[in-house]
Amino acid sequence: MLTFLGISMVVVFTYLIMAKKLSPVTALVIVPIIFAVIGGFGLELGGMMLDGLKEVAPSAALLLFAILFFGILIDAGLFDPLINKMMKFVKGDPVKIAIGTAIIAMTVALDGDGTTTHMITISAMLALYLRIGMNPLVLATISLLSVSIMSGMTPWGGPATRAIASLGLDANEFFLPLIPTMLSGMGCILFIAFVLGKKERARIGVINVEEIPHQSLKLSEVAATFALQDDIKRPKLRWINFILTVTIMVVLVMGLISAPILFLIGFVLAAMINYPNLEEQKERILSHAGNALTVVILVFAAGIFSGIFSGTKMVDAISNALVSIIPESVGSFFPLVVALTSMPFTFVLSNDAYYFGVLPILAEAGAAYGVSPLEIARASILGQPVHFLSPLVASTLLLVGMVKTDIGEFQRYAFKWTLLCSLVIIAVAFLTSSIS
């Protein structure tokens, strides 16, 4: 009963947001409540939802202050030199811009944090995309794929760290055989960037940016608008802002301070340094408030969904059911089965639920077929490109908020590219024997 209820809930939820029958926020809240009531959990809903909100509260705080922090820096013009140099290199060619985006995003994503990658990549590149008329969904897709490979497969990234911790593995033994797979993922991202860039070049051509008047750009709803306004730029403070940003990133990677607190401090310092006048500070905060509020609401709504999904034990029922239906005849290909099923598993489950709840079950089942836990762990991270399309991923909610799109629209656009990337790295992992 719980298995059927859980699968039905996921199917209905996915249909409603992809068909644009309900907004993501409404679907994330209403759909699980209805299915929980149908399952007889009506009296327990309050506690489940509160647990879900507590779980996502740190992420919501992080995204709120991170958006404000980078918004202030965009306003002050910190990323203008990067954009100008990029413009000289790409010369308005969408193919070069897309490939340049991939290089920047993959480099930034090495820190293992998806939120940071999206904030830096989108902040640095969105104004350029909008200026020449490129589709921002190209930017979002490349950024998401970069995070899924660079953060998803490295031992210091979230998914791999969870897999290693869950099964008690050695990080080097886990990661070293995956290096060729990771390189193939990077190559796939560059290929996808090239293809998407070619499509944009065919649509808009190679643009001479100097001939485009700023007034015709319709950037009024985008943070990049303010980066084009001289009256709020702070070129004399560029080095101070750069040092502040690097300091925040270093402290974040070292884990010396909780990320939400760190970005709160960074936002306060950035606002105080660049806009000491209280009225100017208020204007800058209000200019980014809409974007920040939208993302935070989505995160809390996702907390309601995950809280009910976990609290009703639907997630456990689905996990056990899927594991139980794997026939013994595929035992010799069990790591490949884990790799392929990791795509739907991680799409409907949070990484914590999958790696700490499902993965140990899969590893135990694999042991019955003589499969090493190392191979099961490696296989489990190969579905990450698809996982990052899930509305339960906080960094993806930030991403769609920054490019001003709907998550359902983004899923429809990016799904085939994330599926392609996952299949490529699964095939290479299989061919190079990192999974057997």
Side-chain angles (χ1 to χ4, degrees), residues 62-91 97 100-101 103-113 115-131 139 143 146 150 209-210 214 219 222-288 291-292 398 402:
L62 165 63
L63 296 178
L64 171 63
F65 297 124
I67 289 171
L68 294 174
F69 172 68
F70 281 99
I72 293 291
L73 295 177
I74 294 170
D75 293 349
L78 173 63
F79 299 103
D80 287 0
L82 174 62
I83 294 172
N84 293 335
K85 287 185 178 179
M86 183 66 72
M87 285 302 305
K88 291 179 181 178
F89 170 73
V90 301
K91 297 179 180 178
I97 292 173
T101 300
I103 294 171
I104 291 173
M106 286 190 287
T107 302
V108 177
L110 276 172
D111 75 345
D113 183 74
T115 300
T116 304
T117 301
H118 294 325
M119 286 187 295
I120 293 177
T121 304
I122 306 304
S123 298
M125 300 299 294
L126 182 59
L128 176 56
Y129 273 69
L130 292 170
R131 188 170 185 190
L139 170 60
S143 186
S146 299
M150 308 306 290
V209 179
E210 295 178 356
H214 290 174
L219 302 182
V222 184
T225 307
F226 301 107
L228 299 174
Q229 297 177 357
D230 292 335
D231 58 338
I232 61 172
K233 289 186 178 183
R234 298 294 183 264
K236 293 181 180 179
L237 298 175
R238 191 164 289 149
W239 279 107
I240 295 177
N241 288 328
F242 177 74
I243 292 171
L244 174 63
T245 304
V246 170
T247 302
I248 293 292
M249 293 299 105
V250 170
V251 174
L252 177 68
V253 173
M254 294 178 67
L256 300 178
I257 302 176
S258 172
I261 302 300
L262 179 62
F263 277 105
L264 170 58
I265 295 171
F267 156 63
V268 170
L269 290 176
M272 183 177 64
I273 292 169
N274 291 282
Y275 306 102
N277 181 280
L278 294 183
E279 280 301 314
E280 287 184 329
Q281 278 189 26
K282 183 179 178 180
E283 289 177 5
R284 294 301 93 227
I285 293 171
L286 287 175
S287 70
H288 301 290
N291 185 27
L398 168 69
M402 292 189 76

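- Counting heavy atoms from C-beta on, the side chains of Met125 and Ile97 come closer than 4.5 Å.
- Ring geometry for Phe69 against Phe263 counts as perpendicular: the plane angle is over 60°, on a 0 to 90° scale with 30° as the lower cut.
- Shortest non-hydrogen contact noted between Leu244 and Gly266 is CD2-O, 4.1 Å.
- Of all the heavy atoms in Tyr275 and Gln281, the pair that sits closest is O-CG, 2.7 Å.
- Heavy-atom minimum distance, Ser143 versus Ala105: CA-CB, 4.2 Å.
- Heavy atoms only, all atoms of each residue included: Leu73 and Ala270 are closest at CD2-CB, 4.3 Å.
- Expressed to the nearest 0.5 Å, how far CG of Asn241 lies from CG of Leu269 amounts to 10.5 Å.
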Tell me, with the steps shown, if Phe267 and Ile285 meet side-chain contact (heavy atoms from CB on, under 4.5 Å).
-> CA-CA 10 Å; Phe267 156 63; Ile285 293 171; 3.7 Å; yes

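- Remark: Thr117 OG1 to Ile122 CD1 distance equals 10.0 Å, nearest 0.5 Å.
- Taking each heavy atom of Ile72 and Ala271 in turn, the nearest pair found is CG2-N, 4.0 Å.
- Shown here for Asn274 and Arg234, the closest heavy-atom pair between the two residues is O-NE, 2.9 Å.
- Here the CD1-CG distance, from Ile257 to Leu264, works out to 10.5 Å after rounding to the nearest 0.5 Å.
- If you take CE on Met106 and OG1 on Thr101, they are separated by 10.5 Å, rounding to the nearest 0.5 Å.
- Annotation: the span from Ile265 atom CD1 to Ile248 atom CD1 amounts to 7.0 Å, rounded to 0.5 Å.
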